[in-house]
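What follows is a single structure, written as structure tokens, with notes after it.
When reading the values below, keep in mind they use all heavy atoms of this one structure, side chains included, and skip hydrogens, waters and symmetry mates. Just so it is clear: chains get the letters A, B, ... in the order the sequence lines come, proteins before strands, and each one is counted from 1.
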Amino acid sequence: MSTSRRNFLKWLAGAGAAAAIPKSARAQHDHFEGYPDSYGVLHDATLCVGCRSCEAACNEVNDLPKPEIPFDDKSVFEKIRRTDDTNYTVVNKYKDGPPPKGGVFRKFQCNHCKEPACASACFVGAFKKTPEGAVLYNADVCVGCRYCLIACPFNVPTYTYNKALEPVVMKCTLCHPRVKEGKLPGCVQACPMEALTFGKREDLITIAKERMRKYPDRYVNHIYGEQEVGGTNWLYISGEPFEEIGLRTDLGVTPAPELTSGALAMVPVVIGMWPVLLGGIYVISRRKDIIAKKEKEEAVADMKAVTTAEGDDRVQKAKDQAAKQQEFAIKREVKKALEEAAKAKESEAGEEGKS
Amino acid sequence: MGREEVQGMIRPILLLISMLMLCALSLVGLTGCGETQATETVERADIITIDEMRNFGRLERPVVLFPHDLHTQALAAEGKSCETCHIKMENGKYAPLFKRVANTDYDTVMNLYHDACIQCHKETTGDKTGPVTCGECHRKDAKFISTWTEIGFNRSLHYRHEQANMEKCDHCHHVYDEQQKKLVYVKNQESSCRDCHKKEKIDNRLSLEQAAHYKCFGCHLENPETGPTTCAGCHDKQMQMDIKVVEHPARLYRNQPDYTYLSPDDAELVHAKLPVVNFAHIDHEQYLDKCRTCHHETMKACNECHLLDPGEDAVTTVTLQQAMHDMQSKHSCAGCHAEKKSQTQCAGCHALMEQGKLTDHACTICHSGPKPDELAKMSTAARTRKPAGRNMEKLSFRMKDIPDTVYIGRLSNKYEAAAFPHKKIIEKLMTYIGDSKIATYFHGQEDVVCRGCHHHTPVGETPPLCESCHTRPFNEEDLLKPGLFGAFHRQCLGCHEAMNITEPSDCVGCHAKKAGN
């Protein structure tokens, strides 16, 4: 790519940053709102043509192993792919369409959450949210527990199982080293349609809204990642409903760490209780199924300690673990329920005794 | 009696009551008075919802969905007429209500339905008779889904009725004469049915539904073979599409002008600033299939209701400006014209432009008539004269001045420069414009075609380079503007996509791969 590599360092220094886009005064909140001037990428799925230039560029700038199928081979779109231990990003095709665009595509990579689940799940602190926006992984301290793999609501981090001696977690870095050097992320620079826009997260939201205002018929009126799991630094806009381009819409807007805090707060105390922690994380990743029934059912299930013989082991395990997680997360509710139940029992017993 | 004794007695009593209730419920189930659950739903256009009991208060049972055509067919097969269900009134027409002229009281109406429906269903033999138990008619979940679709007269249908009625307009059109207390026909006062006949009946003025069935259906029934006599015949979407269409129906004439000026009402003319708008009414009649598209149901001139400055007594708060320029409305000039831009031949340029926005030079294209003060002095005859108007000749374009092929290689890296058939593309666009009256009208200035790609720039013989505005990789000060890389690809691919051009289908279709890549 001969495109001149402009010095983006000045962005980081904050000089002349996106002066064209007016900024509203930032509200002050008690809770963590994410780093205010962090960077991100806006992926406009209506522009993506599935050329896989981003995949090729990512492979090149990160010195990843050359794939068996070359990057100009479109046969990979026959199935939905996810990242593995050899790449940081893949493009998937979700709908067929006539050339020139050839369908509906979406790029898949780490979304760089404002409050990342992987970082909160990692008890050695191998993941770090940088003020620039990237969620970075430090292989030096990683103990290989792979909680991050389970914790991530987007199934992003992967593990190099094939490396016997020093396996590491693989995931997109938002080209943090390149950005620090004043360069664009590899994928953004390579995108011929500029379906990827790099900039301050706040500006990206303004751009996304402006595109929707200009072309209301073209977009679903939502910016994916603006609120999801507390907000991500990778944002998406699309002409198709987000669940149809492989983005989960059931994740809610609560940052993952907030949900795990109940379980995670116990980690230093009960560091030996791995199953409890795993249970907490498992619950987060299967949150949708479990939250629906939550509280009452789980509390009752716990109280009665019923172990049904039927159902496979996995389901049973999930139930047990969920129940245990309840002890931490909704201790008070359980206690209350128990007390109430006990009271009810007492009075019932009393009544029966009377009659 | 002690408390414990009372409790001891209550328990068996409660048990007894609950058992009795269970028995009662199971009996109800056996006699079929429980609501039946639908197994599958059927789409029909002839569904009438029988909820007449609403007139007497809250419904006790789910409404009954009644497939009307199914019943008329069944009765016809047995040689029975409409009179089986509808009372023939003195004027020879059938009362629209079932077996009655008007709703009387709760029990009478309820019994009317129950007795007549169930009795007929019982008498009718064979496989295809109707239900006789409560829950089979009063279903909790619908057995039918109504696909009823409104029907209105378009120009073709109106023309066919004009022909069939020997141009006797009074067969359908009438106005109420206050003095004579009857309906009379007044030439050139014809309006649309829904101008007077509203959704609900007002005094003795029928609702649109009633009027349409009396007139349309009544006439079809009296003159079989002339038009549909079934519900679906008019209200089924597919059957509506099958209605024969006359390609070029004669003009619907009620003394409207061929040409006129769109302007504020004379009283408001002093407040108008821009020259008024030339309007070829006669041409627009051909483009649209209903008068209602512009005139709503009233057939009045725009400025009779839409004022520049609507006061408190105004018919509508929608100003004349809004009514003419609302881009979201399909009834306004600008809205309807904007819709034309989505046609494949136009979309290549227009799909990439901001939606719902008038272009900067658009005002004077329409507002090219006389100035308001000049118009005020003009007679009616002068106002409806065909204007000299714009030059509607095919555009003359300085084709010799524009380059044949443009090589786009500014960013060439892995690929060779792309050879862009500049002239060929313009020629093609010019053909599309030349074929369309509206396109010729709005692309009258020479540079308008160029603006499809060379947007925002004043077009001379050599437009500025694309990178004058679109920087490489992009301008971080103005992220709304694509960089050069994106600008090229979005413009080319965006246009091809909008115009359904499927060639070239891949990267090398535009630019060959460089050796070693």
Side-chain angles (χ1 to χ4, degrees), chain A residues 1-8 10-11 15-21 42 44 46-53 56 72 74 97-102 183-184 188-200 203-204 206-219 351 354-355, chain B residues 2-8 10-11 327-328 342 351-357 409-415 470-511 513 517:
Chain A
M1 174 90 20
S2 74
T3 311
S4 78
R5 293 178 169 173
R6 285 179 79 108
N7 190 352
F8 280 90
K10 64 178 177 179
W11 288 26
I21 296 160
L42 171 69
D44 188 335
T46 68
L47 293 173
C48 184
V49 292
C51 66
R52 299 184 68 206
S53 299
D72 54 4
K74 301 283 174 76
K101 283 198 176 164
K183 294 175 184 169
L184 283 172
V188 174
Q189 178 145 347
C191 182
M193 289 294 280
E194 288 182 18
L196 301 169
T197 308
F198 180 79
K200 282 196 178 177
D203 295 341
L204 296 179
T206 312
I207 292 165
K209 286 182 177 164
E210 179 64 9
R211 285 194 196 159
M212 289 173 185
R213 187 192 66 77
K214 272 189 172 177
Y215 308 104
D217 296 349
R218 202 181 289 176
Y219 294 101
E351 295 234 341
K354 277 176 202 169
S355 63
Chain B
R3 191 169 159 240
E4 283 171 28
E5 274 177 82
V6 175
Q7 278 187 343
I10 286 172
R11 290 214 164 178
M327 298 291 277
Q328 308 303 322
S342 58
L352 301 177
M353 296 176 186
E354 184 175 336
Q355 287 174 8
K357 192 173 172 247
R410 186 74 37 181
L411 297 168
S412 177
N413 177 19
K414 290 181 177 170
Y415 293 90
H470 298 283
T471 46
R472 288 177 285 164
F474 54 81
N475 181 2
E476 67 262 40
E477 310 261 321
D478 183 6
L479 290 173
L480 294 171
K481 191 182 285 167
L484 190 61
F485 201 19
F488 280 139
H489 286 101
R490 283 191 201 170
Q491 189 75 38
C492 296
L493 269 76
C495 174
H496 278 218
E497 189 195 18
M499 298 186 84
N500 295 338
I501 301 166
T502 53
E503 289 292 328
S505 61
D506 54 6
C507 307
V508 291
C510 289
H511 30 47
K513 228 174 192 180
N517 274 300

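Atom CG of residue A:D203 and atom CG of residue B:L479 lie 6.0 Å apart, to the nearest 0.5 angstrom.
Contact check for B:P473 versus A:Q189: no side-chain heavy atoms found under the 4.5 Å cut-off.
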Next item on the list: Show your working on side-chain contact (heavy atoms from CB on, under 4.5 Å) between A:R213 and B:E354 and close with a plain yes or no.
Entry: CA-CA 9 Å; A:R213 187 192 66 77; B:E354 184 175 336; 3.1 Å; yes

Check: Which is it for B:H489 and A:V49 under the side-chain contact (heavy atoms from CB on, under 4.5 Å) test, yes or no, and what are the steps along the way?
Finding: CA-CA 10 Å; B:H489 286 101; A:V49 292; over 6 Å; no

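Across every non-hydrogen atom of A:E194 and B:G486, the tightest pair is OE2-N, 2.9 Å. In plain terms, the two heavy atoms of A:F198 and B:F474 that are nearest each other are O-CZ, 3.8 Å. Considering all non-hydrogen atoms of both residues, A:P100 and B:P504 come closest at CB-O, 4.4 Å. When all heavy atoms of B:T502 and A:P98 are compared, the closest pair comes out as CG2-CB, 4.0 Å.
For A:D72, the part lying under 4.5 angstrom from a heavy atom of chain B is the side chain only.
With hydrogens and angles disregarded, no donor-acceptor distance shorter than 3.5 Å links the side chain of B:E497 to the backbone of A:K101.
Taking chain B as the reference chain and counting heavy-atom pairs below 4.5 Å, the highest number among A:R211, A:E210, A:R218, A:M193 is found for A:M193.
A salt bridge does not link B:D506 with A:K74: every distance from a Lys NZ or Arg NE/NH1/NH2 to an Asp or Glu carboxylate oxygen is 4.0 Å or more.
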